[in-house]
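Some notes on the structure that comes next.
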Amino acid sequence: MAAPLILVGCSSMDGNSEADGGAEAKLGYKPEVRAVQETKQEVNAISSSLLDWMGVKGKVTESGAAVSVCEAIDPDLTKYYTIHHPWSVYKLSDGTFETAMQNLRERLPKHGWDITKDGETKSQARNPELVAVNRRTHHWVQIEWARERSGNLDELISVDVDSRCYRAPKGADL
């Protein structure tokens, strides 16, 4: 599943106030200076919570959160970054995919998430999809129950967790 493109611009300019103001103007917020490892851990923790909130047991892909480019403003990944964590749960041994999606509908708002979309994908399969934003942390998540997949592939729930743009601490190697 392809994650939707969200332009969360970042700046490749130097750290002077004019450059930061340019990034802030394009982003609509001032990027917080945060260590990469800290932001990765935060996104991994969000993913873990989402899996818990689903209330199902199954196989989970083993990828972890990773640095991603702030494409709109810093395509060379020099100073600004986002964190992206795509993962999925499949081959359920306990619970159902339908239960997992319903549990997320109920639990996301209880944990500070605003559901901004609860409908179907625009794909031919018209799979159920949830999109939510955490107004406090500014993370967003896209969750799709891929119940209809071409090539006789097993159904799964795919999850993409993304952060807003951060500025790496001075001297950090992205």
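Sequential numbering from 1 along the given sequence is applied to the chain's residues.
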Looking only at atom types and distance, does a side-chain atom of S63 sit under 3.5 Å from a main-chain N or O of P86, one as donor and one as acceptor? yes

Do any N or O atoms from the side chain of D154 and from the backbone of K91 form a donor-acceptor pair under 3.5 angstrom?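 Pair absent, no side-chain N/O of D154 close to backbone of K91.
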
Rounded distance (nearest 0.5 Å) linking atom [atom1] of [X] with atom [atom2] of [Y]:
| X | Y | atom1 | atom2 | answer |
| --- | --- | --- | --- | --- |
| I157 | L130 | CD1 | CG | 9.0 Å |
| S158 | E144 | OG | CD | 5.0 Å |
| K59 | S88 | NZ | OG | 12.0 Å |
| I143 | M101 | CD1 | CE | 6.5 Å |
| R164 | Y81 | CZ | OH | 12.5 Å |
| Y166 | E38 | OH | CD | 8.5 Å |

Is there a side-chain contact between [X] and [Y] in this structure, where contact means two heavy atoms from C-beta onward sitting under 4.5 Å apart?
| X | Y | result |
| --- | --- | --- |
| N103 | W53 | no |
| I83 | R34 | no |
| N127 | W145 | no |

Given the ring of F97, does R147 sit roughly above its face, with NZ or CZ under 6.0 Å from the centre of the six-membered ring and within 45° of the axis? no

What pairs with T96 under side chain to side chain donor-acceptor pair (under 3.5 Å), at least two apart in sequence or on another chain?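 T96 satisfies side chain to side chain donor-acceptor pair (under 3.5 Å) with T99 once adjacent residues are dropped.
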
Heavy-atom closest contact ([X] atom, [Y] atom, distance):
| X | Y | answer |
| --- | --- | --- |
| L77 | S68 | CD1-O, 3.7 Å |
| C70 | Y80 | SG-C, 3.8 Å |
| L108 | A132 | CD1-CB, 4.2 Å |
| A100 | V56 | CB-CG1, 3.8 Å |

Per the salt bridge (Lys or Arg N to Asp or Glu O under 4.0 Å) rule, what does the pair list look like for residues 106-123, sequence neighbours excluded? R105-D118, D114-R135, K117-E129, E120-R126

Test side-chain contact (heavy atoms from CB on, under 4.5 Å) applied to C165 and Y29, step by step: CA-CA 9 Å; C165 185; Y29 61 90; 3.2 Å; yes

Check which hydrophobic residues are tied to L156 through side-chain heavy-atom contacts below 4.5 Å, counting indirect links as well, and list them.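 Y90, which link up through side-chain heavy atoms under 4.5 Å apart, make up the rest of the cluster.
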
Students should find that the hydrophobic cluster of L153, defined by side-chain heavy atoms under 4.5 Å apart, otherwise consists of none

Out of curiosity, does L174 fall in the hydrophobic cluster containing V69 (side-chain heavy atoms, cut-off under 4.5 Å, transitive links)? yes

Going by the rule ring pair (Phe, Tyr, Trp, His ring centres under 6.0 Å), which residues pair with H138 if we only count those two or more places apart in sequence or in a different chain? none

Under the side-chain contact (heavy atoms from CB on, under 4.5 Å) rule, what do T116 and W140 come out as? Steps first, then yes or no, please. CA-CA 10 Å; T116 59; W140 67 271; over 6 Å; no

Please tabulate, for the side chains in residues 44-51, all donor-acceptor contacts under 3.5 angstrom to protein atoms that are two or more places apart in sequence or on a different chain.
residue: N44; atom: OD1; partner: A65; partner atom: N; Å: 3.0
residue: N44; atom: ND2; partner: K40; partner atom: O; Å: 3.4
residue: S47; atom: OG; partner: V43; partner atom: O; Å: 3.4
residue: S47; atom: OG; partner: H85; partner atom: ND1; Å: 2.7
residue: S47; atom: OG; partner: W87; partner atom: NE1; Å: 3.0
residue: S49; atom: OG; partner: A45; partner atom: O; Å: 3.2

